[in-house]
Colleague: 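First the structure, then my questions, so here it is.
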Amino acid sequence: MRTHYCTDLDEKSVGEEVTLAGWVNSYRDHGGVIFIDLRDKSGLIQLVCDPADNEKAHKVASEIRDEFVLIAKGKVRKRGEGLENPRLKTGKIEVVVDDLKIENRSEPMPFTLGDPNVGEDIRLKYRYLDLRQKEMFETFKLRSKAAIAARNLLDSLGFLEVETPILTKSTPEGARDYLVPSRVHNGEFYALPQSPQLFKQLLMVSGFDRYFQIAKCFRDEDLRADRQPEFTQIDVEMSFCDQEDVMRVAEELLKAIFNACGREIEIPFSRITYKESMEKYGNDRPDLRFGLEMVDVIDLFENCDSPIFAEIAQYKKLNRIKALKVPGGDKAFSRKIIKELESFVAKFGAKGLAYIQVKEEGLKGPILKFLSDDAIETMKSRLDLQVGDIVFFGAGDRKTVWDYMGRLRTEVA
RNA sequence: GCGGUGGUAGUUCAGUUGGUUAGAAUACCGCCCUGUCACGGCGGGGGUCGCGAGUUCGAGUCUCGUCCACCGCGCCA
């Protein structure tokens, strides 16, 4: 029935009789000629219904509204001079319709496709409409490609794909289990797996050696913008291996997945120790797309005139005083923004947020008066301060300082 | 569980200090329009202002309660 997808056609198709099927993306009724942008999974093409060409098709076309489902038979024609649409992949051609069938009519749309401001609740309510959008289809396609690439790569490395049960016994980890009542065992419940670890030992001791699964995981915890209660995890397990083996498999896997999605990445990845990551970035999954490394300055406060800072500087193992220089930050951050950053870090246990501004006329900030001239000079060179910079300071026990300074780092980035 | 923000037309939003008949864009309906591609022109319909109380001569607007949504914290590897 259908002979082509919309974007299969191009200038080479001119003159061909084709049958297309799809949805009305938009229509323009000029009273005489009617234009229809027809959409299928491949993209758009313009249909033309001119009463001079075919009166019957034009009459059908005059009833058309957005999102009607059509089957259109017609001939591919090159568009005239100046009538081309460079924004369309098929913009140099159009299809002159000589037989138009309305397969299905559509109610008016409850929301505008492609409008990025439409709330997610309404999009989910009309999921079948939402999924018509190209971006939605591309997302599914990307996911499919990633999953297939992961399977192929792991298969090539000798991993066996397994599936483990969903209805299982609760294995108390950190997260709450989702529970499913059992009909057979009255009053008892199955738990849905938080992750598929439960069956690891069973397979490993049985000598399966290497296996993986692309597994659904369930955690009955509150959501975040980037966190769902139900998600998919690639679980890879291997026997008789060391850290290096595990990292190599992970790198190969990520390379294969990114490659399948059209991105080249370099392996091996750069590696830093846990300690270095915590000291410079304040967490164990640092965002390395920007610098903004925190710098240790605890030694400079050792004999300073502030009892609070001096006290903290006494215990170098447990405490930290970290400086975070934001180049050009003095100009970029208004008083108000700095206030907001202060209350931002306060949420994570910061007692305050000291800072030093680097002005034309010199350094400015309330903590300068506590520091010796020597310490200030050392600070200048250690942080390589330039006019226009701002430096934030976090002081206290190391876990707290790492946490809020690390969060501050990504917040200001 | 806690905090912040929001809820007004199908959708996205505006609505002044509490004051006449609650607006715009888009969508929808009707008429007109033969080269548009976000087509255009004219006209029209469409509202439990989340819900419930309260203050007031008068509430979309103020107060309290409640429900829902989003964002964050707690929680969550």
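All values derive from a computational prediction rather than experimental measurement. Side-chain atoms are counted along with the backbone in the values below, which use heavy atoms only and exclude waters and symmetry mates. All chains are named by letter (A, B, ...) in the order of the sequence lines, taking the proteins before the strands, and each is independently numbered beginning at 1.
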Colleague: Look at all strands and tell whether A/L44 reaches a base, only sugar-phosphate, or nothing, counting heavy atoms closer than 4.0 Å.
Modeller: nothing
Colleague: Would you please confirm or rule out a distance under 4.0 Å between OP1 or OP2 of B/G74 and any side-chain N or O of A/R227?
Modeller: no
Colleague: Quick one: label A/N117 by what it contacts on the DNA or RNA (base, sugar-phosphate, nothing), any heavy atom closer than 4.0 Å.
Modeller: sugar-phosphate
Colleague: Please give the distance between the C1' atoms of B/C28 and B/U11 as a whole number of Å.
Modeller: 12 Å
Colleague: Could you tell me how far B/C75 sits from B/C2 if I compare only their P atoms? Round to whole Å.
Modeller: 16 Å
Colleague: May A/H30 be described as stacking on the base of B/U36, applying a 5.5 Å centroid limit and a 30° limit on plane angle?
Modeller: no
Colleague: Quick one: is A/R219 getting a side-chain N or O under 4.0 Å of the B/C75 phosphate, OP1 or OP2?
Modeller: no
Colleague: If you measure from the C1' atom in B/G35 to the same atom in B/U21, how many Å do you get, rounded?
Modeller: 44 Å
Colleague: Does A/D66 or A/E84 map to a spot on RNA chain B nearer the 5' end, using the closest nucleotide for each?
Modeller: A/D66
Colleague: Are A/V401 and A/M405 close enough, and set up right, to give a side-chain contact (heavy atoms from CB on, under 4.5 Å), and what steps lead you there?
Modeller: CA-CA 6 Å; A/V401 171; A/M405 289 303 277; 3.8 Å; yes
Colleague: Reckon A/R65 touches a base, only the sugar-phosphate, or nothing at all at heavy-atom distances under 4.0 Å?
Modeller: sugar-phosphate
Colleague: Now, which nucleotide makes the Watson-Crick or G-U wobble pair with B/G40, with each of the two distances under 3.5 Å?
Modeller: B/C32
Colleague: With rounding to the closest Å, how many angstrom separate the P atoms on B/G10 and B/U55?
Modeller: 32 Å
Colleague: Regarding A/K75 and A/E16, does a basic nitrogen lie under 4.0 Å from an acidic carboxylate oxygen?
Modeller: no
Colleague: Does A/K255 come within less than 4.0 Å of A/E252, counting only side-chain N to carboxylate O?
Modeller: no
Colleague: For B/A77 and B/U66, measure between their C1' atoms and round to the nearest Å.
Modeller: 37 Å
Colleague: For a quick test of reading the model: is some side-chain N or O of A/R28 closer than 4.0 Å to OP1 or OP2 of B/C39?
Modeller: yes
Colleague: Salt-bridged, A/R320 to A/E279, with N to O below 4.0 Å?
Modeller: yes
Colleague: Kindly say whether, by distance alone, the side chain of A/R77 makes a donor-acceptor pair under 3.5 Å with the base of B/G35?
Modeller: yes
Colleague: Touch check for A/R407, heavy atoms < 4.0 angstrom, all strands: base, sugar-phosphate only, or nothing?
Modeller: sugar-phosphate
Colleague: Could you say whether A/Q46 or A/S26 is positioned toward the 5' end of RNA chain B, judged by the nucleotide with the nearest heavy atom to each?
Modeller: A/Q46
Colleague: Please measure how far the C1' atom in B/G54 lies from the corresponding atom in B/G15, and state the result in whole Å.
Modeller: 24 Å
Colleague: Should the heavy atoms of other residues, nucleotides or ligands under 6.0 Å from NZ of A/K78 be counted, would the total exceed 12?
Modeller: yes
